[in-house]
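This report concerns only the one structure given below.
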Amino acid sequence: MPAAALYSLVKRILHFLFPRTCFACGCDLPWDACVFLCDSCEKGLKAAGPLICQRCGVTLTSGGAHCYNCRGSKVKTYKCSLIRSSFAFNASSRGLIHALKYSGADYLAQEMGKRMAVNFCKYPELAAAEIVMPVPLFPSRRRKRGYNQSALLARAFTKEMGLCVDEISLVRTRNTRSQTKLGRKDRLENMTGAFLCRHPNNVKGKVILLLDDVATTGATLEGCAAALKAAGAKKVFAYTFARE
Ligand SMILES: [Zn+2]
Ligand SMILES: [Zn+2]
């Protein structure tokens, strides 16, 4: 039997034993699929916008350059000066993020990080970034999950981009409570002082690009940026897979 036929037979048997399903809607994928989403969920992966806040990247429903939270003099108060994302947070992007974070599908990071690299060129305002840093998890949470999903995304992303990744300088010093039930103000307070830069020499005068799976209020990114700026970083940008 030729190798290609044998390969196809093995794939069909594997598919019969362990049928693969779409990570977003759960429908069956064809046996020869080399994707993680069905066609319609794949089409559902859309960029945020078209109009986005020039600071935090949130989709704007009406005109203007900034959202309510970034408007006027408020824009200068943020330590994280730009947030941009590959995709809007919807059923398709949520399916991938949830599988990556909560179902142990760490292998998804490879493809997701690659997609982030492809979409990165849409944001020339981030091009000055010199060092990529994943948002760290608190050590006990990282141990429980077995990996930090942001670090996996950062590795895949930087491999494509040829940028340096630094996974050691920024640490989470407090096991912050889950943010899902907190409002915007509480989220910001929850993240204040939750991060520390242990190697200021690595960040001094540098433009840092924080990387995370999703940005919601931007509170986590702001907490990281505050620690990096306090350690002497010149500028802090953030780039996420999805934007709520
Ligand atoms: Zn689907
Ligand atoms: Zn904004």
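The figures here come from the full heavy-atom set of this structure, side chains too, leaving out hydrogens, waters and symmetry mates. Note that ligands are numbered from 1 as they come in the structure, with each ligand's atoms numbered from 1 the same way.
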For this session: Keeping to residues at least two apart or across chains, list the side-chain hydrogen bond (donor to acceptor under 3.5 Å, both in side chains) pairs with something in residues 199-208.
Result: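 The answer is S169-N202.
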Exercise. Taking atom types as modelled and ignoring hydrogens, do the side chains of D212 and T240 form a donor-acceptor contact shorter than 3.5 angstrom?
Worked result: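 Looking only at side-chain atoms, T240 and D212 do not form any donor-acceptor pair under 3.5 Å.
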Problem set entry | the Zn ion (ligand 1): angle it makes with SG (C22) and SG (C25), nearest 10 degrees |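 It rounds to 110°.
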For this session: Just to the nearest 10 degrees, tell me the angle at the Zn ion (ligand 1) spanned by C38 SG and C41 SG.
Result: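 Centred on the Zn ion (ligand 1), the SG/SG angle is 100° (to 10°).
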Exercise. Using the benzene-type ring in the case of Trp, are the ring centres of Y123 and F237 under 6.0 Å apart?
Worked result: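 No.
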Problem set entry | Close aromatic pair by centroid cut-off 6.0 Å: F89 and F241 |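 Between F89 and F241, the centre distance exceeds or equals 6.0 Å.
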For this session: Please report the number of protein N, O or S atoms that lie less than 2.8 Å from the Zn ion (ligand 2).
Result: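 N, O or S atoms of the protein closer than 2.8 Å: 4.
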Exercise. Do you see an N/O/S atom of C27, backbone or side chain, under 2.8 Å from the Zn ion (ligand 1)?
Worked result: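 No, outside the cut-off.
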Exercise. Quick one: do R84 and E125 make a salt bridge, cutoff under 4.0 Å?
Worked result: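 E125 and R84: salt-bridged.
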Exercise. Is the shortest distance from a Lys or Arg side-chain nitrogen in R155 or E167 to a carboxylate oxygen in the other one below 4.0 Å?
Worked result: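 The answer is yes: the pair qualifies as a salt bridge.
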Exercise. For F138, is the NZ or CZ atom of K144 found under 6.0 angstrom from the centre of its six-membered ring and inside 45 degrees of the ring axis?
Worked result: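 No; the conditions do not both hold, so K144 does not lie above the ring face of F138.
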